[in-house]
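This report refers to the structure that appears directly beneath it.
All of these numbers come straight from a predicted model, not from anything done at the bench.
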Amino acid sequence: MSSYFTDLAQQYIDGEWRPGTGSWDVIDFNPYDDEKLASITVATVDEVDQAYRAAARAQKQWAGTNPYARRAVFDRALRLIEDREQEIADLIIAELGGTRVKAGFELHLAKEFLRESIHLALRPEGRILPSPVDGKENRVYRVPVGVVGVISPFNFPFLLSLKSVAPALALGNAVVLKPHQNTPIAGGTLIAKIFEEAGLPGGLLNVVITDIAEIGDAFIEHPVPKLISFTGSDKVGRHVATVCAANFKRSVLELGGNSALVVLDDADIDYAVDAAVFSRFVHQGQVCMAANRVLVDASVAEEFTEKFVAKVRTLKVGDPRDPQTVIGPVINSQQAGAISGTVEQALAEGATALVQGATSGNLVGPSVLTGIPADSALLHQEVFGPVVFLVPFDGEEEALRIVNDTPYGLSGAVHTGDIERGVAFAKQVDTGMFHVNDGTVHDEPIVPFGGEKHSGLGRLNGETTLESFTTVKWISVQHGRSGFPF
């Protein structure tokens, strides 16, 4: 594993591994023990330009490559991941503090999405449409957008980078990837290395390790990319969308959430407890789909709360390398401080802590809070950590009002003994995804993934990925002679 951090601590531009030429370094730390994993000199605006120019040069030939040949690259990349699965899992654990369960979950999904990309290479289809003009043939071609800029987050960096990079490449595009500076290897250069070894021609995938402090908006303003795929916070997503719109670029935005898991009066309480604990505390709660709020019908609130609190108290906090650990470190000290501040604010507003986790370095224990005032801003925002708000309600109408009382609309779940009651409830929630009798954290390769409201624009996965990373072009053919008025 250590060789990955040594060998891949570079920029990858136009098929070459090289150091950046910026005036400072990104330092890659293990969030559990603060071990320095790598030091990477940042890419400059000029190197971002070089990456995009290389992508533009390589893309034309790649788009004209037989899709069966393109598909073979992804077959080989999948085999490489399977062969090195344990090494990659260890890297994920070290670089982002993910537990062994989380690393396995991320790798499983990453392989599934890569398998879907293998098929995606053959999916674009053209159409011939009728015309009111005699002798005219209207051909509609589905073609690559060209060059795609991808900005990925720190929480599931390997998966969420691949989720845009692989389909974009499979569909004939070239890519420039900017991973989060806290996860430059797992989210960036590791993926470049895998595709390089899989035989992807140089220039088609470029990885720049850098930061807005160095390059400003150069990554999204650059004239080459026609689409920016961004996963991250709604605050940054709003800025990305604004800059893209000003430069006539498309954007796909997968942003934050404030999901609720709702327990109705006829739910299987033990099962709902299991679903709620996973939905809130998987990967320390650093998941956009995590259940920030757990809403429980008043008639079953006492039983649910007692069992929920008991289960949360059993969650082991500590070294993510330990297979028994459920809650490892959050990504950095700023995040740890923000989570502790959230708990303190809630208590100051009158909430009660049924469980209050201690903070030690980047390890933040789970907190379960109840009695938070209905008008508290905390109930309306995303909390990216192991803190959950228990909120009682009286009847479905009140539950729906509370669930929808947030600027976000990404995911959610409802638990009930009546599946159709659950579906009817789900239809009334303003969200891109909702699950009946399950957790809130789900992603599947062919099912549209994305949010409403501040949770994003556009969708990924399956047919929606095809639509996002391609465009349509109308070419008409006049088989006779047109008549012109002058």
Side-chain angles (χ1 to χ4, degrees), residues 257-282 284-287 289-315 317 326-327 339-358 364-406 408 411-416 422 425 429 434-435 437-441:
N258 182 22
S259 300
L261 186 143
V262 181
V263 183
L264 298 182
D265 55 8
D266 61 348
D268 178 331
I269 299 301
D270 292 330
Y271 177 59
V273 165
D274 290 345
V277 171
F278 174 82
S279 296
R280 175 62 271 189
F281 297 110
V282 61
Q284 296 74 269
Q286 298 174 122
V287 183
M289 295 170 281
N292 287 356
R293 303 168 294 156
V294 174
L295 279 52
V296 187
D297 191 279
S299 65
V300 295
E302 184 176 353
E303 179 187 1
F304 178 91
T305 301
E306 180 181 336
K307 292 179 175 179
F308 182 80
V309 167
K311 178 151 187 164
V312 171
R313 290 189 187 280
T314 69
L315 303 181
V317 180
V326 175
I327 297 181
I339 296 162
S340 298
T342 295
V343 174
E344 291 168 7
Q345 181 182 339
L347 296 176
E349 292 179 3
T352 300
L354 303 177
V355 180
Q356 186 171 355
V364 182
S367 291
V368 180
L369 305 175
T370 190
I372 188 165
D375 61 351
S376 172
L378 296 175
L379 289 174
H380 306 282
Q381 65 191 46
E382 182 174 42
V383 179
F384 220 57
V387 179
V388 65
F389 302 125
L390 288 183
V391 182
F393 63 85
D394 290 309
E396 284 184 50
E397 187 174 331
E398 184 176 26
L400 280 166
R401 180 186 61 76
I402 297 170
V403 170
N404 286 326
D405 188 16
T406 174
Y408 299 96
S411 186
V414 61
H415 280 251
T416 171
F425 185 95
V429 180
F434 209 81
H435 310 285
N437 289 342
D438 210 337
T440 62
V441 180

Check your understanding: Between the main-chain N or O of I402 and the side-chain N or O of R293, is there a donor-acceptor pair closer than 3.5 Å?
Key -> yes
### Message
Using a 6.0 Å cut-off, check whether atom CD of Q345 has over 12 heavy atoms from anything other than its own residue.
### Response
yes
> Can you check whether S259's main-chain N or O pairs, donor with acceptor, with S411's side chain at less than 3.5 Å?
Replying inline: no
So side-chain hydrogen bond (donor to acceptor under 3.5 Å, both in side chains) across residues 379-395, not counting sequence neighbours, yields none
One should read off an interatomic distance between F389 CZ and L378 CG, to the nearest 0.5 angstrom, of 4.5 Å
Donor-acceptor pair, side chain of Y271 and main chain of N437, under 3.5 angstrom | yes
* Exam field: side chain R280 to backbone P386, donor-acceptor pair closer than 3.5 Å -> no
R401 side-chain N/O to E396 backbone N/O, donor-acceptor pair under 3.5 Å
no
Exercise. Would you find a donor on one side and an acceptor on the other, under 3.5 Å apart, between the side chain of S367 and the backbone of V387?
Worked result: no
Do the non-hydrogen side-chain atoms of V429 and L400 ever get within less than 4.5 Å of each other? yes
- Query: With distance as the sole test, does H415 use its side chain to make a donor-acceptor pair with the main-chain N or O of D438 at under 3.5 Å?
  - Reply: yes
The complete set of salt bridge (Lys or Arg N to Asp or Glu O under 4.0 Å) pairs with one or both residues in residues 261-270, sequence neighbours excluded, reads D265-R421, D266-R421, D270-K307
Would you check if V296 and F308 make a side-chain contact, meaning some heavy-atom pair closer than 4.5 Å?
no
Heavy-atom side-chain proximity of Q356 to V343 below 4.5 angstrom | yes
